[in-house]
Amino acid sequence: PIRDVYAREILDSRGNPTIEVEILAGEKTVGCASVPSGASTGKYEAIELRDGEARYMGKGVEHAADHVNAQIAPEIVGMNVLDQRGLDEVLKRLDGSRNKGKLGANAILGVSMAAARTAAKISERPLYTYLGGVQARTLPVPMMNIMNGGRHADNTIDIQEFMILPVGAPDFREGVRMCAEIYQSLKALLGQRGCNTAVGDEGGFAPDLPDAKEALSMLMDACKMAGYQPGKDMLFALDVAASELYDEKLNAYVFDGESRMHGQKVLRTTDQMIAYYEELLAEFPIYSIEDPLDEEDWEGWVKMTAHLGENVYLVGDDLFVTNTERLKKGIELGAANAILVKINQIGTLSEAFDAVEMAHRAGWQAIISHRSGETVDTMIADIAVAFNTGLIKSGAPCRSERVEKYNRLMRIEEMLGKTADFPCYMDTPVLK
Ligand code: PGA
Ligand code: ZN
């Protein structure tokens with residue numbers, strides 16, 4: 001049984017406060033976990049509770065920590081820490097609101113995560129088998145975000161993320177090597193072309209490039225420079241985070257950086273966005289496009305999925321916010337064909353698992369993801385293996401809070417030994 005629960009305020013990778021929770025169970029088993037935080041957050045995410053007081057510019061999480069210590073702890077002390085679902089249900093019920101705004105999704109998730117870690121320790125099993133059972137043996141293909149823009153940097157690239165997927169790798173470790181080599185090649189290339197090589201929030205480079213095509217061309221060049229063939233060894237993925245570009249009054253997407261670099265205002269309507277993506281798909285080997293349109297534009301998503309869904313994965317992040325109600329709607333409407341799963345968007349591990357399961361049953365891809373504000377907690381690595389998603393997004397092979405997830409996966413691959421599996425996406429529609 002759980003004997004003690006304690007939350008404290010710590011810092012995340014952007015220097016903002018976040019919650020860390022420790023749970024003591026059994027004789028003296030302690031599991032500890034910390035919660036990530038987004039910047040380009042979706043409107044429908046569960047509520048991350050911030051103090052709003054003077055300290056830390058309003059971003060303190062002392063109230064959320066108090067909620068764990070004063071309200072959640074007394075209710076779950078004595079409960080079986082191995083009953084993850086039961087615990088998550090109690091957490092949901094204690095909050096009682098639709099969006100976990102009362103206790104805070106950050107408070108709730110910290111407890112949900114710490115419970116899993118304590119339980120795995122008590123069971124003397126690695127976290128990925130505790131959560132996923134003996135079938136948990138598939139390593140995810142890493143989607144490494146090596147060029148940052150949008151809200152994650154202050155450069156002129158409007159699209160938030162440019163990712164590379166080592167689909168030609170025989171195993172996870174080799175995939176990491178390929179990505180890291182391309183990352184270093186990209187750095188050299190940027191240097192040669194007189195571009196800045198400072199990095200953004202997720203460790204990718206954040207140069208001032210004229211537009212997305214230029215960024216993708218740089219990725220192509222970096223791949224070749226490292227000795228890999230784009231479209232064969234490597235595929236690309238974008239996260240447009242289009243809700244951040246959408247202007248309601250203009251009913252169009254505003255590309256501020258592109259406007260500045262081209263010296264004229266660049267706006268794209270929904271139809272123009274879809275046509276633009278079609279152009280990019282024709283020119284570059286793109287596996288997936290995340291949040292290509294605004295989080296409210298169900299109609300546009302349906303149109304885009306009907307038009308391009310056979311050729312590319314269209315990933316709903318802000319659209320679905322890891323919420324099975326919204327995902328169900330998307331599946332019924334045919335809006336998107338993949339979901340991004342962020343545990344802090346929904347607030348408990350059980351609900352994140354339900355979202356993955358619902359997606360898989362519909363024949364969709366699910367991608368486990370970090371947030372732009374992270375800690376060194378590596379739980380999402382274990383979750384990707386446990387939930388059998390075959391894909392993970394954890395930023396660039398740079399900055400310890402990003403790299404630690406990939407390092408954890410290399411260790412997991414080693415533990416699994418010969419039973420480890422690494423999926424092959426060579427048959428994805430884009431390659432046919
Ligand atoms: P966020 O960005 O964590 O800032 O929301 C990540 C993403 O949009 O995928
Ligand atoms: Zn996203």
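Order of listing sets the numbers, starting from 1, for every ligand and every atom in it. This chain uses plain numbering: 1 for the first residue, then up along the sequence.
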Which ligand 1 atoms are under 4.0 Å away from a heavy-atom of [X]?
X      : answer
His152 : 1 (P), 2 (O), 4 (O), 6 (C)
Asp317 : 7 (C), 8 (O), 9 (O)
Asp239 : 7 (C), 8 (O), 9 (O)
Gly38  : 1 (P), 3 (O), 4 (O), 5 (O)

Exercise. Report yes or no: does Ser40 have a heavy atom closer than 4.0 Å to ligand 1?
Key: yes
Exercise. Answer yes or no for Glu290: is there a heavy-atom contact with ligand 1 below 4.0 Å?
Key: yes
Practice problem: Could you tell me whether the side chains of Asp271 and Thr269 share a donor-acceptor contact shorter than 3.5 Å? | Solution: no
Quiz item: So, Ser369 versus Asp317: side-chain donor-acceptor pair below 3.5 Å or not?
Solution: no
Practice problem: Please confirm if an N, O or S atom belonging to Glu290, backbone or side chain, lies less than 2.8 Å from the Zn ion (ligand 2). | Solution: yes
Quiz item: So, is Asp318 placed with an N/O/S atom under 2.8 Å from the Zn ion (ligand 2), counting both backbone and side chain?
Solution: no
So which protein heavy atom does [atom] come closest to, and at what separation?
atom                   : result
atom 8 (O) of ligand 1 : Gln160 NE2, 2.9 Å
atom 7 (C) of ligand 1 : Lys342 NZ, 3.1 Å
atom 9 (O) of ligand 1 : Lys393 NZ, 2.7 Å
atom 5 (O) of ligand 1 : Arg371 NH2, 2.7 Å

Between [Y] and [X], is there a salt bridge with N-O shorter than 4.0 Å?
X      : Y      : result
Arg260 : Asp256 : no
Asp201 : Arg402 : no
Asp221 : Arg193 : yes
Glu202 : Arg399 : no
Arg117 : Asp377 : yes
Glu325 : Arg98  : yes

Self-check item: the Zn ion (ligand 2) - closest N/O/S atom in Asp317
Solution: OD2
Quiz item: Name of the Asp239 N, O or S atom nearest the Zn ion (ligand 2)?
Solution: OD2
Heavy-atom distances under 4.0 Å decide this one: backbone, side chain, both or neither, for [X] against ligand 1?
X      : value
His370 : neither
Leu340 : side chain
Ala39  : both

List the atom pairs, with distances to 0.1 Å, where a side-chain N or O of residues 160-174 and a protein N or O form a donor-acceptor pair under 3.5 Å, not counting sequence neighbours.
| residue | atom | partner | partner atom | Å |
| --- | --- | --- | --- | --- |
| Gln160 | OE1 | Ser40 | OG | 2.9 |
| Gln160 | NE2 | Asp239 | OD2 | 3.3 |
| Glu161 | OE1 | Lys393 | NZ | 2.9 |
| Asp171 | OD1 | Glu174 | N | 2.9 |
| Arg173 | NH2 | Glu414 | OE1 | 3.3 |
| Glu174 | OE1 | Arg177 | NE | 3.4 |
| Glu174 | OE1 | Arg177 | NH2 | 2.6 |
| Glu174 | OE2 | Arg177 | NE | 3.4 |

Quiz item: Should the heavy atoms of other residues, nucleotides or ligands under 6.0 Å from NZ of Lys59 be counted, would the total exceed 12?
Solution: no
Practice problem: Identify the heavy atoms of Ala336 and Gly316 that sit nearest to each other, and give their distance. | Solution: CB-N, 4.4 Å
